[in-house]
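Keep in mind that the numbers below use all heavy atoms, side chains included, and drop hydrogens, waters and symmetry copies. As the structure is a prediction and not an experimental result, all values here were calculated from the model.
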Amino acid sequence: MLQRREYFPNVIEMNYQARQRLGCCVYLIFDQSEWMLIDIGYEDTVPEIVELIRQMDFPLANCKYLVLTHPDVDHAQGARKFCELVGDTQIVAHPGAVKPLADADRIRTFAEISAQGISLDIQPIQVDRQVDEGDTLEVGDIKIEVWHTPGHTDSQLAFRWNELLFSGDNIFRDGGVGAIDAHHGSDIPAFIKSLQRIKDSDAKWLLPSHGPAFHKDDATLQQAIDRLDAYQHLSDFGTCAIDWPLLDEWEEELIAGDKPQR
């Protein structure tokens, strides 16, 4: 049996367990005879992840859920392969993720970004259980609260258990946030509300979908909120902005006949 390197009690993060970067963070939560995963990552790392789980003596048949924080390819591509190897388990996601996953929508899942030469395979994935704000996932005696935290995508989920918040692509240790892209379903005002909710919560630890877990730091969260608030009024993210004051200023200058300022 492989020694279980618990990230927190009853929580194993598979990159940390493997002592190498496998892809996005994959969290295994367990209690009694049951276990679940939050995200799975790319398909090519699934066999290694499943073998690690097997070596840690988790019966594959006891996987209760594979929960997808959102439908991006780097989080969900391996879902079908995982179910093939593990057997009967429920794929869980937000209602807004159901269609992009079922349609294998290459734009909404970030599988196709032609301008950057990104073209990844993604097959249709059927969601077995839809969860939304206020729902609960149970593993053994552990009860995990589902948060809907849109912004990065309209279907982004986070999961609260005691002092831990599995925070998805909402915020990372360096203060960065999940990519903002109109084609992807990003929404800056919603993102700000989600970050404010995380900041106002009494969670002590944030376990993101990329990079290391970190102690919740209100100053870091506020910096991200302030940055996104500024983006609402700039051209940086195009149609994700709610207005562009510069154009109003320019119109006033045109009417007044103002020349460029020296």
| Using the ring of each side chain (for Trp, its six-membered ring), is H184 parallel, tilted or perpendicular to F110, with breaks at 30° and 60°? | parallel
| request: Consider only side-chain N and O atoms of N10 and E6, and report whether a donor and an acceptor are under 3.5 Å apart. | output: no
| request: May I ask you to decide if C63's main-chain N or O and T89's side chain share a donor-acceptor pair within less than 3.5 Å? | output: yes
| task | Look up atom SG in C240 and atom CG in D181, then write down how far apart they are to the nearest 0.5 Å. | result | 7.0 Å
| query | Salt bridge between R227 and D236, side-chain N to carboxylate O under 4.0 Å? | reply | no
| Are side-chain heavy atoms of F159 and I29 found at a separation under 4.5 Å? | no
| Does a sphere of radius 6.0 Å around NE2 in H233 hold more than 12 heavy atoms from other residues, nucleotides or ligands, not counting ones at 6.0 Å or beyond? | yes
| query | Okay, side chain of D31, backbone of D141: is any donor-acceptor separation there less than 3.5 Å? | reply | yes
| Any donor-acceptor pair under 3.5 Å linking the side chain of S186 with the backbone of A182? | no
| query | Do I142 and W161 have side chains that get closer than 4.5 Å, going by heavy atoms? | reply | yes
| Mind checking whether N15 and Q20 have side chains closer than 4.5 Å, heavy atoms only? | no
| query | Can you tell me if D169 and Q156 form a side-chain donor-acceptor pair at under 3.5 Å? | reply | no
| query | Going by the angle between their ring planes, with limits at 30° and 60°, are H210 and H75 parallel, tilted or perpendicular? | reply | perpendicular
| message | Do Y42 and I49 sit in one hydrophobic cluster, given that two such residues count as connected whenever their side-chain heavy atoms are within less than 4.5 Å of each other, even indirectly? | response | no
| message | Going by salt bridge (Lys or Arg N to Asp or Glu O under 4.0 Å), R108 matches just one of D154, D103, D72. Which one? | response | D154
| Cluster link L164 to V131, ILVMFWY, side chain under 4.5 Å | yes
| V98 side chain reached by Q130 side chain, heavy atoms, under 4.5 Å | yes
| task | Flag the pair W205 / H215 as yes when their ring centroid distance falls below 6.0 Å, and as no otherwise. | result | yes
| message | Contact between I38 and L66 at the side-chain level, heavy atoms closer than 4.5 Å - yes or no? | response | no
| query | Do W244 and F237 belong together in a cluster built from hydrophobic side chains that touch within less than 4.5 Å? | reply | no
| Are R106 and E112 ion-paired here, with the side-chain N under 4.0 Å from a carboxylate O? | yes
| said: Check whether T153 reaches the backbone of H70 with its side chain - one donor and one acceptor, N or O, closer than 3.5 Å. | reply: no
| task | From the options I91, L137, V67, select the one residue that forms a side-chain contact (heavy atoms from CB on, under 4.5 Å) with R129. | result | L137
| said: Keeping S194 on the side-chain end and P150 on the backbone end, is there a donor-acceptor pair under 3.5 Å? | reply: yes
| note | Taken to the nearest 0.5 Å, the spacing of L195 CG from T220 OG1 works out to 11.5 Å
| Any Lys/Arg nitrogen of E48 or K81 sitting under 4.0 Å from an Asp/Glu carboxylate oxygen of the other? | no
| note | Distance col, row L165:CG vs I171:CD1, nearest 0.5 angstrom, shows 11.5 Å
| task | Indicate whether any N or O donor in one side chain lies under 3.5 Å from an N or O acceptor in the other, for Q232 and D229. | result | yes
| Does atom CD of Q32 have more than 12 heavy-atom neighbours from other groups under 6.0 Å away? | yes
| field | Polar side chain donor-acceptor pair, W147 to E145, under 3.5 angstrom | value | yes
| message | Under a 3.5 Å distance rule, please check whether R4 uses its side chain to pair with a backbone N or O of M56 as donor and acceptor. | response | yes
| message | Less than 4.5 Å apart, side chain to side chain, heavy atoms only: is that true for L85 and L60? | response | no
| request: Answer yes or no: does atom CD of Q3 have more than 12 heavy-atom neighbours from other residues, nucleotides or ligands under 6.0 Å? | output: no
| request: Determine, for D218 against K216, whether the closest basic-nitrogen to carboxylate-oxygen distance falls under 4.0 angstrom. | output: yes
| Lys NZ or Arg CZ of R5 over Y7 ring: under 6.0 Å, within 45° | no
| side chain to side chain contact (heavy atoms under 4.5 Å, CB included) assessment of K199 paired with Q222 | CA-CA 8 Å; K199 177 176 177 286; Q222 189 60 52; 3.1 Å; yes
| task | Report yes or no: do M36 and L157 belong to one cluster of Ile/Leu/Val/Met/Phe/Trp/Tyr joined by side chain heavy-atom distances under 4.5 Å? | result | yes
| remark: CZ of F172 to SG of C25, rounded to nearest 0.5 Å, is 9.0 Å
| query | Just wondering, are more than 12 heavy atoms of other shown residues or ligands nearer than 6.0 Å to CG in D248? | reply | yes
| Do you see a donor-acceptor pair shorter than 3.5 Å between the side chains of Q123 and D121? | yes
| message | Quick check: do R160 and K143 have side-chain heavy atoms less than 4.5 Å from each other? | response | no
| L101 vs P71 side-chain heavy atoms within contact, under 4.5 Å | yes
| message | Within the 3.5 Å criterion, strictly below it, is a donor on N170 or T149 matched to an acceptor on the partner's side chain? | response | yes
| When you check the side-chain N and O atoms of E13 and Q17, is any donor under 3.5 Å from an acceptor? | no
| query | Distance-only, no hydrogens or angles: does the Y27 side chain make a donor-acceptor pair with backbone N or O of S209 under 3.5 Å? | reply | no
| field | F8 CZ to N162 CG distance, which is reported to the nearest 0.5 Å | value | 12.0 Å
| query | Do the side chain of R54 and the main chain of P59 share a donor and acceptor less than 3.5 angstrom apart? | reply | no
| request: Would you confirm whether Q77, through its side chain, and E43, through its main-chain N or O, come within 3.5 Å as a donor-acceptor pair? | output: yes
| Can you check whether G140's main-chain N or O pairs, donor with acceptor, with E34's side chain at less than 3.5 Å? | yes
| Between CD on residue E249 and CG on residue L247, distance to nearest 0.5 Å | 9.0 Å
